Trainee: 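This is the structure I want to talk about, given as structure tokens.
Not measured: the values here are computed from a predicted model.
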Amino acid sequence: MNKKIVAAVAAFGIAAGAVAAPKEFGLSSPDGKLDVTVTVGETVTYSLSHDGTLLLSPSQVSMTLDNGTVYGVDSRFLGKKSRSVDAQIEALNYKKKTVEDHFNELTLRFKGFNLIFRAYDDGMAYRFVSLSDSPFKVKSELAEFAFPEDWKAYVPYVRDFDRNDFSRQFYNSFENRYSHIALSEWDRDRLCFLPMVVEAPQGKKVCITEADLLDYPGMYLYNGDGGHGLKGVFAPYPDKVEQGGHNMLQMVVRSRKDYIAEYESGTSFPWRVVSVSVKDSQLADNDMVYRLATPAAEGSDFSWVKPGKVAWDWWNDWNLYGVDFRAGINNDTYKYYIDFAADHGIEYVILDEGWAVNLKADLMQVIPEIDLKMLSDYAASKNVGLILWAGYWAFDRDMENVCKYFSEMGIKGFKVDFMDRDDQVMVDFHRRAAEMTAKYGLMVDFHGTYKPTGLHRTYPNVINYEGVHGLEQMKWSGTDVDQVTYDVTIPFVRMMAGPMDYTQGAMRNAARGNYRPVNSEAMSQGTRCRQLAEYVVFESPLNMLCDSPSNYMQEQECTEFIAEIPTVWDETSVLDGRIAEYIATARRSGDTWYLGVMTDWNARDITVDLSFLGEGDYEMTVYRDGINADRAGRDYVKETISVPASRKVAIHMAPGGGYAAKIVKK
């Protein structure tokens, strides 16, 4: 085996010497079905069971500091304390208005640190808390996930890797599809990023991710011995960095330190999260990450943050038609986008890459074809806000000046792109960017970045994240890419972590066998109704309309549905679904419900139960696959029907199809 890989994930030696007999502590979820057993001896291990099913065998946890101290190995145990919490979190800009926060907690106190475990009905989490009053460095962390058998998993490998340079994987876009493999089939040269789902017996699923990542490297997973246990891997702290990468907008790490994090004094480390579901639908409506995130500062006011839809330029390549000007990155084009947004009640227009002078990494240098002040004023006169794309280094190198200048101009936010790392320095950038944009009343959408870990609760102006193999991939992916199956996998895996900027809304829709990559007239895989359903199924507080305004204006019925759909919700209910096969989701805003259903490449007939509507008469405005949608993906039928008294609605979907509906009381 590659010695570098062994070194990156090796468990740390246990100091010799006599120790007291191991102590065992139990922790159960409020409903009594989930059991965590923590054993404290020479090492600290935990195991996890759900309703009698062993999900994790004893798994070791530890953290090694630069002075040789190892939290969790031969550590002096001082005592324990327990508590139970049953509360509600008032959520902001989320998929539901209130989040149940019901858990039992066990805090194990050691000399120099605490180790906290929590058990919820739908999962467990643990975190280290350093009590140090002096500076220290974290050399490494051991986070084991010892599955008792060789179960299958949905593994999002790091896409860009070099078998001769393991560290190359710490520089990646966190975008890939899933390999559905047995744990023993893991490619030993590759890391996977989070979240990741493992299939357990009796239809149960285990999802591993992390929460409250504010000042620490993100966790990858790795299987180095071909067995069925996984270990966490963390990017070392950057040493030598230099400007480079995409259009000189990145800071590329050329060498790294021999530790992963540094601190001036004690800190709370991220939560390691293990969610458990009995039904797949529970995975697609899980709040663990949001619950575990640090709340927004007491007294802070984020009422100014306005989620909404965005008319987006880049995916459709600024490709307008039927106009009397040359479309491109210029004032006339953006005024047209603004007019389109205003006419359809779309809240924002984004100026993606190209408005700032290329290769300068300087957001104060604007190309002569663009007059930002004029465009901002014009948009404001139409009740539309502008959002600016910004490369990471151009934004970070002059962050406060950039935020102050553009907020005074009337710009509403930034889409910051090409971070492509999650070492401690880059994670801290996300926190600093959230804090600085909040100071100047700006929203921020993080692209080219890792999965959400709850920063959107700490700073609710963090309105969205990428970290997903989104629709942009259809501009260049080959015909071997199966985006349709991916679409019905991510709600159960990636969306476990939080919202995602998938950038849906294609009006050119390819039935199976008809897709091809086209940069300037891009298309989706699957049907038109699938694209509409994604606005319900995918959680996305700042949601793109990816296609050309010219195309949307030729498709008024679909555009009307997209333009008026909310992007944050009072209530969410995942009605049915199976990972990588299909999903049915209902969401409520005020008195109006929306329903989104999607299938894989198999035509599917399902019946959804709308009994949650309660008493009264309801009608549905339905968008369903047309009879020829299996041949022409754009074929659909719009109709208005009454919700039957039985509340059971039969749905047929074409291969790669979907179904979308708006439900109102008569």
Side-chain angles (χ1 to χ4, degrees), residues 4-5 7-8 66 135-141 158-162 164-175 191 193-194 210 213-220 232-264 267 269-270 353 356-365 389-403 414-437 444 446-451 453 455 462 465-467:
K4 293 182 179 178
I5 300 177
D66 59 330
F136 67 97
K137 296 180 176 66
V138 179
K139 295 278 288 186
S140 55
E141 178 185 345
V158 169
R159 186 171 59 189
D160 302 318
F161 73 104
D162 182 342
N164 297 313
D165 182 5
F166 185 75
S167 66
R168 172 69 181 82
Q169 297 180 80
F170 297 132
Y171 183 74
N172 76 94
S173 64
F174 304 93
E175 301 167 305
L191 299 174
F193 51 84
L194 302 178
E210 59 187 334
L213 181 69
L214 295 172
D215 189 21
Y216 194 78
M219 183 169 71
Y220 299 84
V233 177
F234 306 86
Y237 195 91
D239 183 11
K240 182 181 179 181
V241 296
E242 59 184 37
Q243 185 179 358
H246 178 84
N247 286 342
M248 302 300 289
L249 292 170
Q250 297 172 288
M251 292 301 288
V252 180
V253 179
R254 298 303 183 191
S255 63
R256 294 184 180 271
K257 303 281 191 181
D258 64 351
Y259 57 87
I260 63 175
E262 61 183 24
Y263 300 94
E264 290 301 311
T267 189
F269 295 97
E353 185 173 15
V357 176
N358 195 26
L359 299 176
K360 298 296 184 182
D362 183 354
L363 296 177
M364 296 302 178
Q365 295 191 43
W389 183 93
Y392 152 66
W393 180 235
F395 186 79
D396 192 26
R397 69 189 300 184
D398 196 19
M399 189 188 297
E400 180 151 22
N401 188 38
V402 163
C403 289
F414 284 95
K415 173 183 172 181
V416 185
D417 204 351
F418 289 111
M419 284 72 79
D420 290 350
R421 292 164 29 210
D422 66 349
D423 49 48
Q424 186 187 26
V425 171
M426 190 57 75
V427 169
D428 184 60
F429 161 76
H430 286 71
R431 181 198 58 77
R432 290 187 295 106
E435 182 179 55
M436 187 64 72
T437 50
V444 61
F446 288 121
H447 255 238
T449 193
Y450 52 89
K451 78 283 174 189
T453 63
L455 190 63
V462 176
Y465 309 76
E466 193 183 24

Trainee: Roughly how far, to the nearest 0.5 Å, is CZ of Phe414 from CE of Met399?
Mentor: 10.5 Å
Trainee: Among Phe170, Phe161, Phe234, which residue satisfies the ring-ring contact (aromatic ring centres under 6.0 Å, His included) criterion with Tyr220?
Mentor: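 Testing Tyr220 for a ring-ring contact (aromatic ring centres under 6.0 Å, His included) against Phe170, Phe161, Phe234 leaves exactly one candidate, Phe170.
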Trainee: Please round to the nearest 0.5 Å and tell me the distance separating atom CG of Leu359 and atom CG of Leu249.
Mentor: 8.0 Å
Trainee: Enter the distance from Asp422:CG to Phe174:CZ here, rounded to the nearest 0.5 Å.
Mentor: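 Reported value, rounded in 0.5 Å steps: 3.5 Å.
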Trainee: Going from OH on Tyr450 to CG on Asp423, what distance comes out if it is rounded to the nearest 0.5 angstrom?
Mentor: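 Between Tyr450 OH and Asp423 CG, I get 9.5 Å after rounding to 0.5 Å.
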Trainee: Hey, could you give me the CZ/CH2 distance between Phe418 and Trp389, rounded to the nearest 0.5 Å?
Mentor: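 So the CZ of Phe418 and the CH2 of Trp389 are separated by 5.5 Å.
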Trainee: Could you go through His430 and Met419, starting from their C-alpha distance and side-chain angles, then the distance that decides it, and tell me whether this counts as side chain to side chain contact (heavy atoms under 4.5 Å, CB included)?
Mentor: CA-CA 9 Å; His430 286 71; Met419 284 72 79; 3.7 Å; yes
Trainee: For residues Tyr465 and Leu455, determine if any side-chain heavy atom of one lies less than 4.5 Å from a side-chain heavy atom of the other.
Mentor: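 In contact.
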Trainee: Taking the side chain as every heavy atom from C-beta outward, state whether Tyr263 and Tyr216 have any atom pair closer than 4.5 Å.
Mentor: yes
Trainee: Could you check whether any side-chain heavy atom of Val402 comes within less than 4.5 Å of a side-chain heavy atom of Met364, counting everything from C-beta outward?
Mentor: yes
Trainee: Evaluate the side chain to side chain contact (heavy atoms under 4.5 Å, CB included) criterion for residues Arg421 and Tyr171: first the C-alpha distance (whole Å), next the side-chain angles of each, then the deciding distance (0.1 Å), finally the verdict.
Mentor: CA-CA 5 Å; Arg421 292 164 29 210; Tyr171 183 74; 3.9 Å; yes
Trainee: Are the side chains of Asp215 and Arg431 in touch, meaning some heavy atoms are under 4.5 Å apart?
Mentor: no
Trainee: Examine distances only and state if a side-chain atom of Thr453 and a backbone atom of Glu210 form a donor-acceptor pair shorter than 3.5 Å.
Mentor: no
Trainee: Around Glu264, counting heavy atoms of other residues, nucleotides and ligands shown, do more than 12 lie under 6.0 Å from its CD?
Mentor: no
Trainee: State, yes or no, whether a side-chain contact exists between Asn247 and Glu353 at a heavy-atom distance under 4.5 Å.
Mentor: yes
Trainee: Would you check if the side chain of Arg432 reaches a backbone N or O of Asp396 as a donor-acceptor pair within less than 3.5 Å?
Mentor: no
Trainee: Identify the two heavy atoms, one from Asp420 and one from Ser173, that lie closest to each other, and give their separation to 0.1 Å.
Mentor: OD1-CA, 3.6 Å
Trainee: Just do the side chain to side chain contact (heavy atoms under 4.5 Å, CB included) check on Leu363 and Asp398 with the steps written out, would you?
Mentor: CA-CA 9 Å; Leu363 296 177; Asp398 196 19; over 6 Å; no
Trainee: Please say which of Leu191, Val233, Asp160, Asp162 ends up in a side-chain contact (heavy atoms from CB on, under 4.5 Å) with Gln169.
Mentor: Leu191
Trainee: For Ala235 and Arg256, work out which heavy atoms get closest and say how close.
Mentor: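 Distance-wise, the nearest heavy atoms are CB-NH1, 4.1 Å.
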Trainee: Kindly indicate whether the side chain of Phe193, heavy atoms from C-beta on, has any atom under 4.5 Å from the side chain of Val158.
Mentor: yes
Trainee: Taking the basic N atoms (NZ, or NE/NH1/NH2) and the acidic carboxylate oxygens, is any pair closer than 4.0 Å for Lys257 and Asp239?
Mentor: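 Yes, this pair counts.
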Trainee: From Asp417 CG over to Phe446 CZ, what is the distance, rounded to the nearest 0.5 angstrom?
Mentor: 11.5 Å
Trainee: Using every non-hydrogen atom in the two residues, find where Met248 and Gln243 come nearest and quote the distance to one decimal.
Mentor: O-NE2, 2.8 Å
Trainee: Quick check: does any side chain N or O of Gln424 sit under 3.5 Å from a backbone N or O of Tyr237, one acting as donor and the other as acceptor?
Mentor: no
Trainee: Which heavy atom in Gly218 sits nearest to a heavy atom in Val427, and how many Å separate them?
Mentor: N-CG2, 4.3 Å
Trainee: Taking the six-membered ring for Trp, are Tyr259 and Phe136 ring centroids under 6.0 Å apart?
Mentor: no
Trainee: So, for Phe395 and Cys403, which heavy atoms are closest and what is the spacing to 0.1 Å?
Mentor: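 Taking every non-hydrogen atom into account, CZ-SG, 3.7 Å.
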Trainee: Can you name the closest pair of heavy atoms from Ala434 and Val462 and give their distance?
Mentor: CB-CG2, 3.5 Å
